[in-house]
Amino acid sequence: MQAGQTMMGRRRFLEMTAWAGAAAAVKSFTPQSFQLVEVVQAAEPIRADERPFTFAYISDSHLYEKTLNERFVRQLERAVADINALDPQPDFVLYGGDLAQLGQPAELKIGAQILKDVKAPIKMMVGEHDWFLDMGDLWKDMFGPAYYSFDHKGIHFVTLMSVNEKDFWTAKGLTPMQRMQIVSGLDDGRQSAFEVGEEEREWLKRDLEKVPKDTPLVVFSHSPLYKLYRNWNFWTDDAEEVQALLRPFKTVTVIHGHTHQVLTNRIDNIHFHGMLSTAWPWPYAPQGLPKLTVQMNRVDPFNQTEGMGDGTIQVKPNGRVDKDYNLWNRNPMKVSARYLNSNGAEDSPAKTTIPSY
Amino acid sequence: MKTRQWFKLSFILIVAVAALTIYGVAQAQQKSAPLPQHPPAPGDGKNLVIQLCDGETNLEMKGVKPDERLSPDQAQTAANKLMSMWFAKTDPNVAEAWKKEMAEALAQKKGSEKAAPASQSEQDGVFTARERQVWERELAREVEYGNQIFHDDKLVGSTNGVSCAMCHPNAANTHPETYPKYQIQLQRVALLRDMINWCIENPSRGKKLDADDPKMRAIEAYIMAQRKGVAMEYGKH
């Protein structure tokens, strides 16, 4: 369809101001690839009683109080409007963590207030920016447990709290705010590494014991559940232990936040997808980028919402997913189950025209 | 041989500069005080006057006109004389320490003529470990100040909580090696500092810094330090 990723031209932008329209347009362009997807699906058991469905996500809004930074607030509102404009509506919306920037009550409250306008049911996940001021007390009061599971249309969903850190603050006598500020610095080496931790892994093990191994799993985690780049905590320290718990299942998908970019990985039967941020895009890490990642174009700093956005995830009856990145002011990117199933041989997203430095 | 003598002369002058001004210059830069200026060498215009890098010690070359070029031998003699004059009026302990370091450095240089030098400074052979330590410490101080500003929205003057590192962890995607370049959005050739100021004014909603503002200098130092080893590629888009 196109030789490379493109910025959306003015005309195209006007044509696609409604995201629903954009999604419909993409579908109508690709009847052939749609059929091929069906062929791939046939190779895996299809649960006749289930139908494909869609859920949407919003992530990493990093809100300050509106008086300090009105732009981040406006951008979360834009994502909510995007999702509310989807027709048909998604079955639910995942909020991917880092609603607040510094865990402040006012930040979490304005976030909660904006998310109240989301029409579909919302599933909340916590990020490190929400957590390290009061170790999650207020967040849990407002949104419920930090990790939980649920079943939806034949899929077992698990939301993890993957941004625990070993205590680096007590010995140094840091205040809660100092702790929060250290963790909020992506490249701040004074913090320790993200981890799910032993207690939660025990819980996950028990939770998964009840689930038949041919039931597809979709796992939500704020940090990527693999090891990409330690210096920016694009990393989960006990990733191997968590992956070991997921590996017995036939079909596993992990949807994560934190990295603020198009990010794709596959480790054996586990497919990984990153989520976009509504606040700002991160650069790609200088090392460890998974082979299957087709980078999004380098961001134009002069464009206020470039490289940000939200997205949808289509879940097929076999539990595999197509991931749509709704990049604001750019053509959307689709990273399909077929692309991952074929280890990148088929259905590759358009390659970037201006890669990172 | 002649070339080597010229080198010797310049080494001696460099050493003198380093000895007398390195600390003062570094301190002045931190505070952004005016840089030290040397007064012009005095003279009646009949003979050439050579000034030592301290800006105080002058030597009149009898029989050499002001626009005349010294032979390498004359230059070496002048340099030796100037250094002797400087030693004579300097604290004897300091002078002795300097002579010792010079001797060691020259011995080191002789040794290094056989072995392949590891760096330019070792090749020169007159930079002592102590000098390098001072330079590295001062540079590290500048980079660390830049590191702090880069990571602190208030220090950089942001009014909306947005610091540099929020979009550029470890100064990623700042690519200083690509400047100067024609910046399409600014419609002019931009230097790194132009983009730093653009970011301060726009995403961070702060006030732009003077090109010579200590904060600007420190931010540039931090960004450069993060890209050490990356090839210069000015104009790259």
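So that the names make sense, note that chain A is the first sequence line, chain B the second, and so on, each numbered from 1.
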### Message
Does any backbone or side-chain atom of Phe302(A) lie under 4.5 Å from a heavy atom of chain B? Answer side chain, backbone, both or neither.
### Response
both

### Query
Has the side chain of Tyr64(A) got a donor or acceptor atom that lies under 3.5 Å from a matching backbone atom of Asn160(B)?
no

### Query
Tell me, do Pro169(B) and Pro283(A) make a side-chain contact under 4.5 Å, heavy atoms counted?
yes

### Message
Report which part of Ser163(B) has an atom under 4.5 Å of a heavy atom belonging to chain A: side chain, backbone, both, or neither.
### Response
neither

### Message
Working note: Asn173(B) + Arg298(A), criterion side-chain contact (heavy atoms from CB on, under 4.5 Å); need CA distance, chi angles, decisive distance, verdict.
### Response
CA-CA 9 Å; Asn173(B) 264 2; Arg298(A) 192 170 71 231; 4.0 Å; yes

### Task
Assess whether atom NZ of Lys207(B) is packed by more than 12 heavy atoms of other residues, nucleotides or ligands within 6.0 Å.
no

### Other residues, nucleotides, ligands: >12 heavy atoms within 6.0 Å of Phe168(A) CZ
yes

### Smallest separation among heavy atoms of Ala172(B) and Trp232(A), with atom names
CB-CH2, 3.7 Å

### Neighbour count above 12 (heavy atom, 6.0 Å) for Lys166(A) NZ
no

### Task
Go through the atoms of Tyr284(A) and report whether side chain, backbone, both or neither lie under 4.5 Å from a heavy atom of chain B.
neither

### Message
Less than 4.5 Å to any heavy atom of chain A: does that hold for the side chain of Gln183(B), its backbone, both, or neither?
### Response
side chain

### Task
Determine, step by step, whether Gln185(B) and Asp300(A) satisfy the side-chain contact (heavy atoms from CB on, under 4.5 Å) criterion, reporting the C-alpha distance in whole Å, the side-chain angles of both residues, the deciding distance to 0.1 Å, and the verdict.
CA-CA 10 Å; Gln185(B) 301 94 332; Asp300(A) 174 3; 3.0 Å; yes

### Task
Let me know if Gln101(A) has heavy atoms under 4.5 Å from chain B in its side chain, its backbone, both or neither.
side chain

### Query
Looking only at atom types and distance, does a side-chain atom of Trp280(A) sit under 3.5 Å from a main-chain N or O of Met166(B), one as donor and one as acceptor?
yes

### Query
Checking heavy atoms, do the side chain of Asn170(B), its backbone, both or neither come under 4.5 Å from chain A?
both

### Message
Quick check for you: to the nearest 0.5 Å, what is the distance between Asn69(A) atom CG and Ser158(B) atom OG?
### Response
8.0 Å

### Query
Just wondering, more than 12 heavy atoms not from Lys100(B) lying within 6.0 Å of its NZ?
no

### Query
Side chain, backbone, both or neither: which part of Leu68(A) has a non-hydrogen atom closer than 4.5 Å to chain B?
both

## Note on the structure
To the nearest 0.5 Å, atom CD of Gln226(B) lies from atom CG of Asp187(A) at 7.5 Å

### Task
Compare every heavy atom of Met195(B) with every heavy atom of Pro301(A), then report the nearest pair and how far apart it is.
CG-CE, 4.5 Å

### Message
Is Glu65(A) close to chain B through its backbone or its side chain, or both, or neither, when contacts mean heavy atoms under 4.5 Å?
### Response
neither

### Query
NZ of Lys154(B): more than 12 outside heavy atoms within 6.0 angstrom?
no

### Other residues, nucleotides, ligands: >12 heavy atoms within 6.0 Å of Lys181(B) NZ
yes

